[in-house]
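Contents: one structure, followed by commentary.
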2 protein chains.
Amino acid sequence: MAAREYGQYCGVTQALELVGERWALLIVRDLLVGPRRYGELAAGLPRIPSNILAARLKELQAAGVIRRAPRSRIVIYELTPYGRELEPVVLALGAWGFKAMGDPREEQIITPDSMTITLRTAFRSQVAAALPATAYAAHVGPTDLLVRVDGPALSVTRGDGPADLAFATGQDIHRLISGDLAPERAIATGVVEVLRGPADLLDRFASTFHLAA
Amino acid sequence: MAAREYGQYCGVTQALELVGERWALLIVRDLLVGPRRYGELAAGLPRIPSNILAARLKELQAAGVIRRAPRSRIVIYELTPYGRELEPVVLALGAWGFKAMGDPREEQIITPDSMTITLRTAFRSQVAAALPATAYAAHVGPTDLLVRVDGPALSVTRGDGPADLAFATGQDIHRLISGDLAPERAIATGVVEVLRGPADLLDRFASTFHLAA
DNA sequence: CCGCATCCAAGCGGATACTG
DNA sequence: CAGTATCCGCTTGGATGCGG
């Protein structure tokens, strides 16, 4: 038996042998947002060494979690259907870890893909279903996301665009989602800057995206 | 910043920094079944080096995931309330990994705690609620488990005891739960040996515990 | 025994440089 | 751009020691 195997016949150990290595689930996290090129993955995970990224991509392919997109001229990595089934795992991990997040440290960055997953984790479908369809242009640090909520459905895409509310903020968006910081106070203290649209739509945003700390 | 940190302000990375190290989630898995002593954890994870187990226990304590049980003469490790909130993560991982489990290899063991978590993962509460309360004495290899299903509630304890159905089997229980092997065939081929009680209760067992492969 | 601590070898993870 | 190659340090794995 390979020295690094857990040696148990159990779903949890099997899962950890496929995606339990360092960085593996973060690659999956980003691919849950969409197919990505090698360089895009590297950009979304600035601290991963290139040889490790290359090794993980090979391992995840061998495990049937990801594949190189077929009939594409360039190399693009995407999740297989089985890999996509990791979404509940990643979201559950994200929800759990969210509660342990303290104040952000200077060197902790927010990438477009990680922010997208955070929003998916915090999205309260039930609440949203009872609210009017709304589009938010969220500028979180250097990251621009277009967040469209339509009934119980959520779509997050990169870039700017038409929105009912456009706002700019930083890592403190965590405090908004956790409920630690009320929307009005966030605006009053300048933590969130409303760029376009009625400021009270930030209340709706905070109701739609919420994860208790 | 510590070299091994991911450097992102994100719930998933935070979670992986707390419980993403090798062996950590397996310790959590076993503690989800109940408080355990150091030696019990070591017995349930035969391939973990003792220094690694000791290191993980310290890290998990520092992370607020586990604690040494208070007002206990002996040292017992248990999950904190926050640690118990990892149950959805472990069950989701187990459900995902279950589908990738091939045929068992000789050296892959089934421990009482891993089997308990597998049963919790595969438990179909909805189905069970519509069935009469049933107790199963399941002997999986050398592991004896008493499985009590009462409406939507499931309880799994170690050891033998009074049961409506007692059966013995091995790692092939996986094929029973996945639906790969019909209960009747399992009995006919000797994969499952009914020790006490009506054999058709094995159908009920297979309906109650099911995870598609 | 139980709950670790120590020591050592093997190999993986990480930074950097390099190539097609 | 999409990876390889190389080197080093540290973690892991495994054996052993050791105090309570």
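So that the names make sense, note that chain A is the first sequence line, chain B the second, and so on, each numbered from 1. Reckoned from all heavy atoms, side chains included, excluding hydrogens, waters and symmetry mates.
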Protein-to-nucleotide contact annotation, 5' to 3' order, nucleotides 15-20 of chain D [B base; S sugar-phosphate only; - none; under 4.0 Å, heavy atom]: BB----
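By the 4.5 Å heavy-atom criterion applied to side chains, A:Met115 and B:Tyr9 are not counted as neighbours. Between A:Thr118 and A:Ile110 there is no side-chain heavy-atom pair separated by less than 4.5 Å. Between B:Leu202 and B:Leu176, the closest side-chain pair of non-hydrogen atoms falls below 4.5 Å.
Within the structure, every side-chain polar atom (N or O) of B:Lys58 is placed at least 4.0 Å from both OP1 and OP2 of C:dG3.
Between the side chains of A:Arg29 and B:Gln8, at least one donor-acceptor pair of N or O atoms lies under 3.5 Å. Under the 3.5 Å distance criterion, with hydrogens and angles disregarded, a donor-acceptor pair is assigned to the side chains of B:Arg204 and B:Thr134. In the model, A:Thr111 has a side-chain atom that pairs as donor or acceptor with a side-chain atom of A:Ser114 under 3.5 Å.
Between A:His174 and A:Phe98, the two ring planes are tilted [angle within 30° to 60°].
For the segment residues 64-76 of chain B, the set of residues with a heavy atom within less than 4.0 Å of an atom of DNA chain D is empty. For DNA chain D, the neighbouring residues in residues 18-41 of chain B, judged by any heavy atom under 4.0 Å, are B:Glu21, B:Arg22, B:Trp23.
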Could you list the donor-acceptor pairs under 3.5 angstrom formed between side-chain atoms of residues 145-172 of chain B and any protein atom two or more places apart in sequence or on another chain?
unit_1   : atom_1 : unit_2   : atom_2 : d
B:Asp164 : OD2    : B:Ala135 : N      : 2.7
B:Thr169 : OG1    : B:Val191 : O      : 3.1
B:Gln171 : NE2    : B:Gln108 : O      : 2.4

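At a threshold of 4.0 Å, the pair A:Glu17-A:Arg4 does not count as salt-bridged, since none of the basic side-chain nitrogens sits closer than that to a carboxylate oxygen.
Between A:Leu60 atom CG and D:dG3 atom P there is a gap of 14 Å when expressed in whole angstrom units. Going from atom CD of B:Glu59 over to atom P of C:dC4 covers 14 Å, rounded to whole Å. Note: CD1 (A:Ile52) to C1' (D:dG9) measures 13 Å, nearest angstrom. Taking atom CD1 of B:Ile48 as the reference point, atom C1' of D:dG13 lies 10 Å away to the nearest angstrom. For the pair B:Leu45 CG and D:dT12 C1', the interatomic distance rounds to 15 Å; values are reported in whole Å. Between B:Leu53 atom CG and D:dG13 atom P there is a gap of 12 Å when expressed in whole angstrom units. Following rounding to the nearest Å, A:Arg47 (CZ) and C:dG13 (C1') show an atom-to-atom distance of 12 Å.
B:Arg120 forms no cation-pi arrangement with B:Phe209, by the criterion of a distance under 6.0 Å to the ring centre and an angle within 45° of the ring axis.
Residue A:Glu5 is tested with B:Arg22, B:Arg47, B:Arg105 for a salt bridge (charged side-chain N to carboxylate O under 4.0 Å, His left out); the sole match is B:Arg105.
Sorted by first and then second residue, the salt bridge (Lys or Arg N to Asp or Glu O under 4.0 Å) pairs involving residues 75-84 of chain B (not counting sequence neighbours) are B:Arg67-B:Glu78.
For the helix from C:dC1-D:dG20 to C:dG20-D:dC1, the end axes, each set by the C1' atoms of five terminal pairs, are bent relative to each other by 30° (nearest 10°).
The listed nucleotides are D:dG3, C:dG14, D:dT12; the one nearest the side chain of A:Arg4 is D:dT12.
Taking the centre of each ring, A:His210 and A:Phe123 stay at or above the 6.0 Å mark.
Taken to the nearest 0.5 Å, the CD atom of A:Glu59 stands 10.0 Å off from the CD1 atom of A:Ile66.
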